[in-house]
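Only heavy atoms go into these numbers, but all of them, side chains included; no hydrogens, no water, no symmetry mates. Below, chain A is the first sequence line, B the second, and so on; all start at residue 1.
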Number of protein chains: 2
Amino acid sequence: MGENFEAKRLPRNRHSDLFHSECPGRIVFDHITGRWAPLVLVKLAEGPLRFYELRDQIGRISEKVLSEKLRLLARDGLIERTVEPATPPRVSYALTDMGYSVAKPLRRLMRWVADHGDAVLAAQARHDDQN
Amino acid sequence: MGENFEAKRLPRNRHSDLFHSECPGRIVFDHITGRWAPLVLVKLAEGPLRFYELRDQIGRISEKVLSEKLRLLARDGLIERTVEPATPPRVSYALTDMGYSVAKPLRRLMRWVADHGDAVLAAQARHDDQN
DNA sequence: CAGTATCCCGGTCGATACTG
DNA sequence: CAGTATCGACCGGGATACTG
């Protein structure tokens, strides 16, 4: 049973060291994982959106939380807020180059969920039936 | 300013629809993102570990939370708990095939942080100086 | 429309102590 | 070693109301 561990072990990732304990990388990592940021980033990867468009597309996110996350991501240099002068003013959010680059791995992750989500749900059901 | 949006817009991702509102995919997504699960998964991708090895390598995670996450991930069919009879019994955790497959996109994400983390920190500093 | 302000609840997290 | 039990603190997040 221990042998096939070897077979499927990935080469040690030197980057994982950066995540030990109180490393600043953890802070960044927490920002782009977390519950809402990935959704925002992935949605914006398809094109810029206005505040309420974003809210509606994500669904079930309160305006307060959305605006908080938007501010955080702007601070991180991942998204950009643009005001077009008009009445009422149109505000839209778009990814920066850096935001665009992080959206790619996030989309892969989302793709994984799309491909394996049912298998996970099935595993949960199997596990729960065990009891 | 609107034009280059087109240039860097990714093709619409049909999988992102799976995340609208109360979709079960969101539940799965929440399990593999979140604060701790990605760290656990990535660490185990380098090979099976025992409980305290895992705790020490992750750092700053309480035993309670670690054991909770471990149970959740086992329920999701991503990790496997193995007891070797001995005194004291040795318990180790390893990724399943499915866990191994999700670890790959997670490692890419971590790699992104390793590569761009400093730029994010710099952006934060720039933003904060603005005030 | 595009948010901010306020209040408050629930769950998550961590610390500590304990068991087999 | 490998956890579980208990407890309290904290804060993310929702509801609502409000501003420009």
Picking from C/dA2, D/dG3, D/dG14, the nucleotide nearest the side-chain atoms of A/Arg81 would be C/dA2
Mate of D/dG20 across any strand shown (Watson-Crick or G-U wobble, both atom pairs under 3.5 Å) is C/dC1
Notebook entry, point to check: Looking at A/Trp36, does any N or O in its side chain come under 4.0 Å of the phosphate oxygens OP1/OP2 on D/dG13?
Noted result: yes
Q. Can a salt bridge be assigned to the pair A/Arg111 and A/Asp115 using a cut-off of 4.0 Å between side-chain N and carboxylate O?
A. yes
A/Asp30 atom CG is separated from D/dC11 atom C1', nearest whole Å, by 14 Å
Of the listed D/dG3, D/dG14, C/dG14, the closest approach to the A/Ser62 side chain comes from D/dG14
note: A/Phe51, atom CZ; C/dC1, atom P; distance rounded to Å ~ 11 Å
Open item on the list: At less than 4.0 Å, is any side-chain N or O atom of B/Lys69 found next to OP1 or OP2 of C/dC13? Yes or no.
Closed with: yes
Heavy-atom closest pair (A/Thr96 atom, A/Gly77 atom, distance to 0.1 Å) is OG1-O, 2.7 Å
Tightest non-hydrogen contact, residues A/Gln124 and B/Asp76, listed as NE2-OD1, 2.6 Å
Rounded to whole Å, the CD-P distance (A/Glu63 to D/dA17) equals 13 Å
Notebook entry, point to check: Side-chain N or O of A/Lys64 less than 4.0 angstrom from OP1 or OP2 on D/dG12?
Noted result: no
Sorted by position of nearest nucleotide on DNA chain D, 5' first, the leading residue of B/Leu70 and A/Pro89 is B/Leu70
Handout entry: B/Arg50 side-chain N/O to D/dA2 phosphate OP1/OP2 under 4.0 Å
Key = yes
Sub-4.5 Å side-chain heavy-atom contact between A/Leu109 and A/Val42:
no
N or O in side chain of A/Ser67 less than 4.0 angstrom from C/dG3 OP1/OP2: no
A/Arg26 atom CZ is separated from C/dC13 atom C1', nearest whole Å, by 13 Å
Of B/Leu44, B/Thr82, B/Val40, the one forming a side-chain contact (heavy atoms from CB on, under 4.5 Å) with B/Tyr93 is B/Leu44
- Message: Once you apply a heavy-atom cut-off of 4.0 Å, does A/Arg55 come out as touching a base, just sugar-phosphate, or nothing?
- Response: nothing
In whole angstroms, the gap separating C1' of D/dG12 from NE2 of A/His31 amounts to 13 Å
B/Arg35 CZ to D/dC10 C1', in whole Å, measures 12 Å
Is A/Arg71 near enough to C/dT4 that one of its side-chain N or O atoms lies under 4.0 angstrom from OP1 or OP2? yes
Whole-Å distance, A/Tyr93 OH to C/dA2 C1', equals 7 Å
In whole angstroms, the gap separating P of C/dG3 from CD of A/Glu68 amounts to 13 Å
